[in-house]
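Presented below is the structure to which this report refers.
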Amino acid sequence: MKPPSSNRLLPIAFAALALLAVASADARDLLDRDALLSGRYRQPVDLSAYTPTPDAQPATQRFEGRLRLRGQPGTRTLLALDDFLGAGDVAQARTLPQDFDLAFVQDGDTLIPARRGPQPGNHPWWEFAVEPGRVWDEPGDGGYSRAAIPFALVQRNANCTHNGMLTFLFRGDGAVSHAAMQVSSETCHYLQLDIWGMLKAEYRPGPVAARDALVAGHRRDVAARLPVRPLSALAQDHPGIDPARFAIGAARARSAYGVVANGIHYRGDCHTRHGAYPDCDALLLPSYSVAKSAVAGLALMRLERLHPGIATQPVAAHARASGCQGERWRGVTFLHLLDMASGHYDSPAYMADEDDARVRDFFDPDSHAQRLAFACEAYPRHDAPGTRWVYHTSDTYLLGTVLQDALRRIPGRERDDVFDDVLWADVLGPLGLSPVARATRRSHDEARQPFFGWGLTLLGDDFARLARFLGEQRGRIDGRDVLDPALFDAAMQRDPARRGLQVATLDRFRYQHGFWARDLQAELGCARPAWIPFMSGFGGITVAMFPNGVAWYNVADDAQLASIDFAAPAREAVKLGAICSAEPVEMTEPKTP
């Protein structure tokens, strides 16, 4: 995460751009049958054009097979920050991959992709991800059925996520129109684009491998989601609550936000520059450094529960790079890396090392060896391990590397992967996270090293489930502890004797075991410190777990304090149960909807 320090935002004329959106009533006229068959798409439309019309009927055609897309759309750059972009980056981002080859199966009115999550390809900037879409018939489509598919362009080696929609007409015999596509929102602090146009499409009908498993898996995934209600329903279920106070920062910066209370996911709107996003359930969201908590923190806590003592293993014994050997790494353990307390740094000032331009030498390379070399060699040792917090994503990457090595030294686990066979198999999978979260970003080489400190893609339901697991469920799945209790309680601020290291000069912030904490005593009027654990991601992603069992998340990208200051949500959450008390307080039950 890179919090708002000296970031400079370029002015964005959102009000003027909003005038380009076509009114919803006219949107279908611009993406009707003639437009899709001819390939005409002159400007962005209201995204209602990607939804069924009131007179839509069940699809009479069936789609199963492969969809290939190629072509270049129109683009408009809205924001580009030189602090984060190199020469030629924007030009690359304004082109699309030309190797789209997507397999789908149909289940009723649902079109299910064979692969979920960002898919590596040949493009230097983008990877492509698709989510389940819809199919239907409209009277004006002349015997074709119509499909609409949520998708996202995800930055290679990074987490910027630009959400869009695809739509096209098809027949079961393989006839297909052009595919209209439009990107009208993103979670990306340094690059914001409007993208729209027609792509040439090729549909090859045919059986898709594991069709029945894909259908069954999708049905299970949907059935397992937390119950969703509009955020406004909080006021009905819990009289006296003002749902508007859970929306913080500029609306134009928000991709998604919500509250989890009593097992219900109260979700805010998912607006774009051109109307509402057609399927909030399928809106792909980046984790950025939320992964430092949800991947690195939980992986170490799980392995410590399975193999006590692994957290205090020495880094030098497991990092297969010369830079991590020798005297300067003596005494540094896995837990020190998770705590951002290796003792290595250039500057102890808040985020000074992480914001320095040389960090591109860590983020940009494709190979594991290059990243590992940076993590081991970039910073000199100044302090004893465990004594000073200095934020380095490279430390979390190094933790993933040594955890992988330690895991493979355990008899019977020589070929295991720390993400797939520990974190996903034992925690995230049983927790019910979506197939999107199943694929983490990895190095583009034979090592396929999980990034650990960033690179997870999530749905809103995933954010809600993670927050509930960490807060209300207290790290338990089906009533059993899956994480090391001592490490987890310390991370969740349930051990008053272990608050963690102070975050630079911010005396009301702590960092411990991959999680942040903030003291809201003054804001809530508590008689004693009220430490609230939270997860945080670059640009304005925050997930707070309040001690009364309520959780709140906000996914934003303007890097402004107003988008990450969760004092107002905390003051509203206290109405659902005490926060000042050291002991969790049972929340009031909601009224029956």
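Everything numeric here is computed off the predicted structure, so don't read it as measured data.
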> Does a side-chain N-to-carboxylate-O contact under 4.0 Å join Arg438 and Asp221?
Replying inline: no
> Is the closest side-chain donor-acceptor distance between Asp462 and Ser434 under 3.5 Å?
Replying inline: yes
> Are Asp420 and Arg442 within salt-bridge range, i.e. N to O under 4.0 Å?
Replying inline: yes
>> Within the supplied structure, the quantity of interest is the number of heavy atoms (other residues, nucleotides, ligands) at a distance under 6.0 Å from Glu414 CD; does it exceed 12?
In response: yes
> About how many Å separate CZ of Arg474 and CE of Met545, when rounded to the nearest 0.5 Å?
Replying inline: 12.5 Å
> Taking all non-hydrogen atoms of both residues, which atom of Ala321 and which atom of Cys376 are closest, and how far apart?
Replying inline: CB-SG, 4.1 Å
> Under a 4.5 Å cut-off applied to non-hydrogen side-chain atoms, are His218 and Pro132 in contact?
Replying inline: yes
> Would you call Arg441 and Glu127 a salt bridge, using N to O less than 4.0 angstrom?
Replying inline: yes
> Considering only heavy atoms from C-beta outward, does the side chain of Asn159 approach that of Ser287 to under 4.5 Å?
Replying inline: yes
> At their closest point, which heavy atom of Val154 faces which heavy atom of Pro118, and how far apart are they?
Replying inline: CG2-CG, 4.0 Å
>> Can you see whether His189 engages Tyr288 through a side-chain donor-acceptor pair at a distance of less than 3.5 angstrom?
In response: no
>> Testing the 3.5 Å rule here: is there a donor-acceptor pair between the side chains of Asp557 and Tyr190?
In response: no
> Do Gln502 and Asp507 get their side chains close enough for a donor-acceptor pair, meaning under 3.5 Å?
Replying inline: no
> So, does Gln119 use its side chain to make a donor-acceptor pair with the main chain of Gly117 at under 3.5 Å?
Replying inline: yes
> Does any N or O in the side chain of Arg381 come within less than 3.5 Å of the main-chain N or O of Arg328, such that one atom is a donor and the other an acceptor?
Replying inline: yes
>> For the CZ atom on Arg409, are there more than 12 heavy atoms of other groups (residues, nucleotides or ligands in this structure) within a distance under 6.0 Å?
In response: yes
> Is the shortest side-chain N to carboxylate O distance from Arg388 to Asp383 below 4.0 Å?
Replying inline: yes
>> Looking at Asp461 and Asp281, would you say the former's side chain and the latter's main chain have a donor-acceptor pair under 3.5 Å?
In response: no
>> Does Arg518 form a salt bridge (Lys or Arg N to Asp or Glu O under 4.0 Å) with Asp565? I'd like the steps, not just the answer.
In response: CA-CA 10 Å; Arg518 178 185 177 188; Asp565 180 2; 2.8 Å; yes
>> Quick check: do Pro348 and Trp389 have side-chain heavy atoms less than 4.5 Å from each other?
In response: no
> Does Glu354 use its side chain to pair, donor to acceptor, with the backbone of Thr393 at less than 3.5 Å?
Replying inline: yes
>> For the CG atom of Leu423 and the CG atom of Leu300, what is their distance to the nearest 0.5 Å?
In response: 11.0 Å
>> Tell me whether the rings of Phe128 and Phe100 are parallel (<30°), tilted (30 to 60°) or perpendicular (>60°).
In response: tilted
> Can any side-chain N or O of Asp489 pair as donor or acceptor with the backbone N or O of Met492 at less than 3.5 Å?
Replying inline: no
> Is Asp519 salt-bridged to Arg528, going by a charged N under 4.0 Å from an acidic O?
Replying inline: no
> Is it true that the NZ or CZ of Arg267 lies under 6.0 Å from the centre of Tyr257's six-membered ring and within 45 degrees of the ring axis?
Replying inline: no
>> I'd like to know if the side chain of Asp481 reaches the main chain of Arg476, judged simply by a donor and an acceptor atom lying under 3.5 Å from each other, with no hydrogens or angles considered.
In response: no
> Salt-bridged, Asp339 to Arg510, with N to O below 4.0 Å?
Replying inline: no
> What about Phe538 and Trp454, are their ring centers closer than 6.0 Å?
Replying inline: no
> When you check the side-chain N and O atoms of Lys292 and Tyr391, is any donor under 3.5 Å from an acceptor?
Replying inline: yes
>> Using 0.5 Å steps for rounding, measure from the OG atom of Ser293 to the CH2 atom of Trp516.
In response: 9.5 Å
>> For Phe362, is there any backbone N or O sitting under 3.5 Å from a side-chain donor or acceptor partner on Gln370?
In response: no
> Does Asp395 reach the main-chain N or O of Met340 with its side chain, forming a donor-acceptor pair under 3.5 Å?
Replying inline: no
> When rounded to the nearest 0.5 angstrom, what is the spacing between CG in Leu284 and CG in Leu153?
Replying inline: 10.5 Å
> Between the side chains of Ser322 and Gln325, is a donor N or O closer than 3.5 angstrom to an acceptor N or O?
Replying inline: no
> Just wondering, do Pro286 and Ile541 contact through their side chains at under 4.5 Å, heavy atoms?
Replying inline: yes
> Counting N and O atoms only, with roles assigned by atom type, does the side chain of Thr161 sit under 3.5 Å from a partner on the main chain of Leu285, one being a donor and the other an acceptor?
Replying inline: no
>> Centroid separation under 6.0 Å, is that true for the rings of Phe334 and His318?
In response: yes
> Should Arg415 and Asp421 count as an ion pair when the cut-off is N to O under 4.0 Å?
Replying inline: no
> Do Asp558 and Ser563 pass the side-chain hydrogen bond (donor to acceptor under 3.5 Å, both in side chains) test, and can you show the C-alpha distance, the side-chain angles, and the key distance before you say yes or no?
Replying inline: CA-CA 7 Å; Asp558 63 355; Ser563 291; 2.8 Å; yes
> With sequence neighbours excluded, what pairs up with Glu327 under the salt bridge (charged side-chain N to carboxylate O under 4.0 Å, His left out) test?
Replying inline: Arg330
> Of the non-hydrogen atoms in Asp416 and Gln404, which two are nearest, and what is the gap between them?
Replying inline: O-OE1, 3.8 Å
> Which heavy-atom pair separates Arg508 from Leu520 by the least distance, and what is that distance?
Replying inline: NH2-CA, 4.0 Å
>> Set out, in order, the CA-CA distance, both residues' side-chain angles and the distance that settles side chain to side chain contact (heavy atoms under 4.5 Å, CB included) for Leu226 and Ile264, then state yes or no.
In response: CA-CA 6 Å; Leu226 291 178; Ile264 297 175; over 6 Å; no
>> Is the ring pair His368/Tyr397 parallel, tilted or perpendicular, if the boundaries are 30 and 60 degrees?
In response: tilted
> Between Tyr379 and Arg358, is there a cation-pi geometry (under 6.0 Å to ring centre, at most 45° from the normal)?
Replying inline: yes
>> Distance check, rounded to the nearest 0.5 Å: Leu338 atom CG versus Leu487 atom CG?
In response: 8.0 Å
>> Less than 4.5 Å apart, side chain to side chain, heavy atoms only: is that true for Leu191 and Leu81?
In response: no
> When you check the side-chain N and O atoms of Asn157 and Asp366, is any donor under 3.5 Å from an acceptor?
Replying inline: yes
>> Testing the basics here: between Ala517 and Gln493, what is the closest heavy-atom pair and its distance to 0.1 Å?
In response: CB-NE2, 3.5 Å
>> Please determine whether the number of non-hydrogen atoms from other residues, nucleotides or ligands lying under 6.0 Å from atom CZ of Arg115 exceeds 12.
In response: no
>> With heavy-atom distances below 4.5 Å as the criterion, would you say the side chains of Arg305 and Val482 are in contact?
In response: no
>> Would you say CZ of Arg408 has more than 12 non-hydrogen atoms from neighbouring residues, nucleotides or ligands within 6.0 angstrom?
In response: yes
>> Please determine whether a side-chain nitrogen of the Lys or Arg among Arg413 and Asp405 lies less than 4.0 Å from a carboxylate oxygen of the Asp or Glu.
In response: no
> Are the side chain of His123 and the backbone N or O of Trp126 linked by a donor-acceptor pair below 3.5 Å?
Replying inline: yes
> Looking at side-chain heavy atoms only, is the closest gap between Leu431 and Leu466 below 4.5 Å?
Replying inline: yes
>> What's the separation between atom NE2 in His265 and atom CZ in Arg468, rounded to the nearest 0.5 Å?
In response: 12.0 Å
>> With no hydrogens and no angle check, just 3.5 Å: does a side-chain donor-acceptor pair link Thr333 and Gln313?
In response: no
>> Is it the case that the side chains of Thr187 and His162 hold a donor-acceptor pair, with the cut-off being a distance below 3.5 Å and no angle test?
In response: no
> Side chains of Val315 and Leu398: does their closest heavy-atom pair fall under 4.5 Å?
Replying inline: yes
